[in-house]
Amino acid sequence: TADFRFASAVAEFGMLLRNSQFKQHATFDQAISIAQGAKGHDEGGYRSEFIRLAETAKSLANSASYTTTY
């Protein structure tokens, strides 16, 4: 169901934020893509807000990895 897929995107996002040993090949892009595909009817806008949050976290993670490399 869309609810289950969206919940899995949220769980994947959480594992990425915590750098969980169980994240395996999870990526921000994958979590965002799953969430976008499972957004469905978003009456309160909470799912859209989660997607924006995940996109921001991805951007911050990319800039953090760039600055720690140099």
Distance-only donor-acceptor hits, side chain of residues 2-16, under 3.5 Å, sequence neighbours excluded:
| unit_1 | atom_1 | unit_2 | atom_2 | d |
| --- | --- | --- | --- | --- |
| Asp3 | OD1 | Arg47 | NH2 | 2.6 |
| Ser8 | OG | Arg5 | O | 2.7 |
| Glu12 | OE2 | Thr27 | N | 3.3 |
| Glu12 | OE2 | Gln30 | NE2 | 3.2 |

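Taking each heavy atom of Ala35 and Phe50 in turn, the nearest pair found is CB-CE2, 4.0 Å.
The CG atom of Leu53 lies 12.5 Å from the OG atom of Ser48; values are rounded to the nearest 0.5 Å.
Arg52 and Glu49 are joined by a salt bridge, as a carboxylate oxygen and a charged side-chain nitrogen come within less than 4.0 angstrom of each other.
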